[in-house]
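The block underneath contains the structure these notes are about, expressed in structure tokens.
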Amino acid sequence: MKLASWNVNSIRQRLAHVRDWLVAEQPDVLALQEIKCVTADFPAAEFEALGYHCAVEGQKAYNGVALLSRLPPAAITSGLDGFEDEQKRVLAATYDGVRVFDLYVPNGQSVGSDKYAYKLRWLGALRETLRGALDQHAKIAVVGDFNIAPEDRDVHDPDAWRDQVLCSDAERERLQALFALGFVDVFRRFEQAPGAFSWWDYRAAAFRRNHGLRIDLVLASPALAAQCTASGIDRAPRSLGQPSDHAPVWAEFA
DNA sequence: ATGGTGGCGCGGCCA
């Protein structure tokens, strides 16, 4: 099973890129974030024509997540347990016994802001949701835009980013709390070249200079991580015209 | 350089 995740920054603007990538890479599941449209406006028919099922949690203008899959989704849920939220950031479904969570973690804006406090609360609720899910499912994948660079090697200039949002200790501790549940950042299970990032700011020629962060992750529960055979980041779509600011990330499971 | 670019939707917010 090949699982992938891509923050597309508007599915309506990125439809051609996503369609081309699906045809080329044939993932079994592609989790999308920042679709930036209501569910009724999601171009489901375009993906169904390629043989993909769609589960969509849309929102006007901001956020929004969707799951595209070869198999039909089972047991679709949205949101975090016990966390009321207007913002559509979480969608989960089960495929062939694998529970897949698609996340668009809050950005947090800046350390100390109201949005940062919301991000930390949200990550606390995520931890509780995943702890509960582990009681129900052995094989869980948690994929998406985590808006946290796990370590300094995931940051092009760690000193410049020190204590900034996406890199602060409190955010990294919340991510470590997921690892403490047994989840594994499968990308790091494999040999990777340095400077492997998944997001580059649109400004200041950041992609050309590889001024990026690795903030898009595939986490796997212990039983699923044991089946992981490969993981990577596909930089190619980021170099196309009118790209998303994120690249797709993927992992394969036996 | 207190900037820069991009999306939504049409002024300002968000990333």
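The chains referred to below are lettered A, B, ... by the order of the sequence lines, with proteins before strands, and numbering in each begins at 1.
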Heavy atoms from other residues, nucleotides or ligands near [atom1] of [X] exceed 12 (cutoff 6.0 Å):
{"X": "A:Asn210", "atom1": "CG", "result": "yes"}
{"X": "A:Lys36", "atom1": "NZ", "result": "yes"}
{"X": "A:Arg188", "atom1": "CZ", "result": "yes"}

Which whole-number value in Å describes the distance from [X] [atom1] to [N] [atom2]?
{"X": "A:Lys36", "N": "B:dG7", "atom1": "NZ", "atom2": "P", "result": "8 Å"}
{"X": "A:Asp41", "N": "B:dG7", "atom1": "CG", "atom2": "C1'", "result": "15 Å"}
{"X": "A:Asn147", "N": "B:dC14", "atom1": "CG", "atom2": "C1'", "result": "12 Å"}
{"X": "A:His246", "N": "B:dG7", "atom1": "NE2", "atom2": "P", "result": "13 Å"}
{"X": "A:Asn63", "N": "B:dG7", "atom1": "CG", "atom2": "C1'", "result": "13 Å"}
{"X": "A:Asn9", "N": "B:dG9", "atom1": "CG", "atom2": "P", "result": "13 Å"}
{"X": "A:Asn107", "N": "B:dG7", "atom1": "CG", "atom2": "P", "result": "17 Å"}
{"X": "A:Gln242", "N": "B:dT5", "atom1": "CD", "atom2": "P", "result": "14 Å"}

Nearest-neighbour nucleotide for the A:Lys115 side chain, B:dG7, B:dC14, B:dT5 considered
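Nearest nucleotide to the side chain: B:dC14.
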Just checking A:Tyr104: base, sugar-phosphate only, or nothing, at a heavy-atom cut-off of under 4.0 Å?
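The answer is sugar-phosphate, as A:Tyr104 gets under 4.0 Å only of primed atoms, P, OP1 or OP2.
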Would you say [X] reaches [N]'s phosphate, i.e. side-chain N/O to OP1/OP2 under 4.0 Å?
{"X": "A:Arg14", "N": "B:dG7", "answer": "yes"}
{"X": "A:Arg208", "N": "B:dT5", "answer": "no"}
{"X": "A:Gln59", "N": "B:dC8", "answer": "no"}
{"X": "A:Ser10", "N": "B:dG6", "answer": "no"}

Salt bridge (Lys or Arg N to Asp or Glu O under 4.0 Å) between A:Asp114 and A:Lys119, worked out
CA-CA 9 Å; A:Asp114 289 348; A:Lys119 180 179 193 174; over 6 Å; no
A:Gln13 or A:Asp201: which one's nearest nucleotide on DNA chain B is closer to the 5' end?
A:Asp201
First encountered from the 5' end of DNA chain B, between A:Gln87 and A:Arg203
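That would be A:Arg203.
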B:dA15 versus B:dG3 - spacing of their C1' atoms, nearest Å
16 Å
In whole angstrom, give me the gap between the P atoms of B:dC14 and B:dG9.
14 Å
Electrostatic pair A:Asp159-A:Arg162, nearest N-O below 4.0 angstrom:
yes
Given the structure, check if the side chain of A:Tyr62 and the base of B:dC13 hold any donor-acceptor pair shorter than 3.5 Å.
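Yes, the side chain and the base share a sub-3.5 Å donor-acceptor pair.
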